[in-house]
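Remember, predicted model here, so these are calculated numbers, not experimental data. For ligands, and for the atoms within them, numbers begin at 1 and follow the listed sequence.
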Amino acid sequence: MTAKIIYNTLSGVCSMISVEEALDKVLSCVEVLEPEQKPILDCLGQVLAEDVYSTIDIPPLDNSAMDGFALRAEDTRGAGESSPRYLVVVGEVAAGSVPTKEVEPGTAIRIMTGAPLPEGADAVVQFESTDEVSRKSSGKDLSHIGILCQAKKGLNVRCRGEDIAKGELTLKKGRVLRPQEIGALAALGRSTALVVRRPIVAILATGDELIDVDQPLPPGKIHNSNTYTIAAAVSRYGGIPKMLGIGRDSVQSLTKKIDEGLDADMLITSGGVSKGDYDVVKDVLAEQGEIGFWTVRMKPGKPIAFGVIKKVKGREERKVPHLGLPGNPVSSMITFEQFARPAILKMMGKKMLAKPTIRAIIDDGIASTDARRLFARVVVTRRGDQYHASVTGPQGSGMLTSMVKANGLAVIPENSNGAEAGDVVEVQMLDWGEEQGEMKTSPIVSIAGKSESGKTVLMEQLIPEFKKRGYKVAAIKHSHGGMEIDHPGKDSWKFSQAGSDAVCISSPDKLAFIKNLDRELSIEEIMPIIGSGFDLVLAEGFKKSKIPKIEVHRKELGDDLLCSPEELLAIVTDGPSDTLVAYSCRLPVFKWGDTVAIADFIEKNFVLNR
Ligand code: AMP
Ligand code: MG
């Protein structure tokens with residue numbers, strides 16, 4: 001068996017490359033793995049490698065959605081609390097059994113949830129809408145039942161195949177299997193599924209100073225922690241870790257250990273890739289091929305080795321991607337997240353390779369001076385509608401506790417001087433626990449006011465003011481009178497004429513989304529469509545919504561306000577501010593035209609510190 005390391009995808013020794021370039025190269029060297037058939041319970045988190053069609057109807061028969069009485073809807077015409085319709089009870093049917101009797105006119109069959117609907121019945125009236133309880137308590141015979149409501153055909157009836165129809169494509173190839181998909185497979189009667197197999201990732205620690213976890217620590221030594229962190233992360237993202245133990249800082253030891261890892265789909269080593277005397281991983285790799293050694297513009301984690309090791313076993317030749325992570329525990333973990341995680345996800349057939357990212361207000365200033373992208377360890381918390389990120393304390397790349405305390409990595413771009421307290425930064429979430437809730441939408445403020453009060457003018461003044469301050473701004477107009485924006489004759493117009501419920505027009509510099517509605521959406525429904533990518537959304541109008549509002553007051557339209565003062569955050573007026581003295585005892589009042597002060601107020605309360 002021979003192993004040759006080829007680094008033909010690499011751009012030379014020690015060239016400085018960006019995180020994106022490094023990731024592109026790693027991803028170009030890994031492929032989606034082949035599928036495997038396995039029991040459905042072992043498939044959690046794997047990607048379906050087949051289209052799953054249903055061979056049955058679910059539910060298999062029309063059945064009852066309630067405990068009650070199966071009957072003919074027409075027999076309940078005119079029924080009510082004070083005008084019961086009495087039917088003869090001719091039988092009972094429980095879930096799991098089949099009805100033996102039909103519902104003839106004037107009769108009913110007592111039925112339990114999930115039981116098949118008897119022939120002749122077209123509705124189920126629940127017990128609560130019958131006189132069954134009062135009959136029982138007054139000792140009346142149960143051969144009859146009084147129906148106390150008028151039932152429509154189909155009431156409380158679940159139709160055959162309404163969930164999944166026979167022949168339907170239930171789960172499409174490429175779908176990641178979560179508990180609900182595994183449940184759907186079970187409902188279809190599938191005990192196994194064809195899924196993209198999990199990658200086996202061999203993991204090797206390197207360093208003469210390393211001792212395994214179960215050994216006492218002699219002077220000068222430390223426990224190997226990296227390969228445990230890495231193995232746990234491999235499992236977390238769906239791979240199968242293969243622990244190769246500790247390789248010593250000698251060419252011989254490492255060559256032997258690396259060879260053991262070449263049956264895997266990927267090899268990850270930790271340590272030995274920087275410029276120290278004993279950093280021999282790079283020497284071992286160099287000896288057997290072109291060296292693949294990058295300096296990535298990131299901090300922590302500058303030195304990384306990456307290449308493809310060619311393994312020849314008999315006639316078979318395989319290429320095993322190798323990622324040589326730095327030895328410092330934090331660097332090793334952060335580089336794993338940036339490069340190894342997406343590689344594992346790609347091998348598993350996943351399409352979403354990026355870490356979930358949010359925008360948060362950073363509570364601490366972070367200096368960054370050396371033109372590398374900084375990944376600061378932060379704790380993200382939600383305060384009101386806004387995420388805040390605070391640095392976890394000392395950030396040394398050897399301090400694993402900075403990761404233990406963190407739930408996110410604040411990304412400070414390489415072309416900045418860092419971040420100041422109060423800046424909005426991107427945070428890669430290490431964990432996306434339930435307590436974090438949904439992805440947040442952009443902050444929104446409404447400019448409300450009577451007709452002709454100058455709402456649009458204020459919006460026109462505020463938008464350039466926020467743009468000048470470097471923010472991304474979206475504006476929403478509330479239009480009572482409908483709108484005409486899609487021009488007749490355009491292809492998009494033809495699609496909506498053809499009946500499409502929504503039309504999206506995408507071009508290199510604009511995106512328009514036009515959706516037909518049968519009612520106006522609330523602002524809460526509109527916000528997720530606008531998304532989280534804006535620092536501020538300014539809405540004109542929406543006085544009935546609960547979003548924060550600033551009212552524009554114009555003296556000539558009267559002293560009163562459109563909104564009740566409790567709903568307002570501030571007032572902008574062209575009159576003397578004492579006109580509004582009654583309201584202003586609690587509310588800030590701004591002078592019309594003082595756009596800077598109004599923008600300061602919005603910025604402080606919404607953009608920076610909500
Ligand atoms: P290296 O990249 O080999 O120069 O190692 C950089 C630092 O990371 C040194 O302080 C090492 O002791 C430490 N280190 C290397 N490998 C490990 C490991 N597997 N577990 C914990 N610390 C490590
Ligand atoms: Mg070392």
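Scanning all protein heavy atoms for the shortest distance to atom 7 (C) of ligand 1 gives N328 OD1, 3.3 Å. Remark: minimum distance from atom 17 (C) of ligand 1 to any protein heavy atom is reached at N226 ND2, 3.3 Å. In terms of protein heavy-atom proximity, atom 9 (C) of ligand 1 is nearest to E209 OE2, 4.0 Å. The protein heavy-atom contact nearest to atom 22 (N) of ligand 1 is I222 CD1, 3.5 Å. The nearest heavy-atom contact from the protein to atom 3 (O) of ligand 1 is G272 N, 2.8 Å.
Remark: the backbone N or O of L27 is paired with a side-chain donor or acceptor of K346 at under 3.5 angstrom. Looking at D51, its side chain does come within 3.5 Å of a backbone N or O of K173 through a donor-acceptor pair.
Which of G324, A205, G327, S225 comes nearest to atom 5 (O) of ligand 1 through a heavy atom is settled by distance: it is G327. Of the options N224, V273, I230, the smallest heavy-atom separation from atom 19 (N) of ligand 1 is shown by N224.
The atoms of ligand 1 that sit less than 4.0 Å from any heavy atom of S270 are 16 (N), 19 (N). Listed by atom number, the atoms of ligand 1 under 4.0 Å from S274 heavy atoms are 2 (O), 4 (O).
At a heavy-atom cutoff of 4.0 Å, ligand 1 is contacted by no atom of I246, backbone or side chain.
By the 30° and 60° cut-offs, the orientation of the rings of Y471 relative to F466 is tilted.
Rounding to the nearest 0.5 Å gives a distance of 4.5 Å between CD1 of I547 and CD1 of I523. Remark: Q37 CD to R197 CZ distance equals 15.5 Å, nearest 0.5 Å.
In this model, no donor atom of one side chain and acceptor atom of the other lie less than 3.5 Å apart for S368 and D370.
Among L325, N328, I268, V330, the one residue that satisfies the side-chain contact (heavy atoms from CB on, under 4.5 Å) test with T335 is L325.
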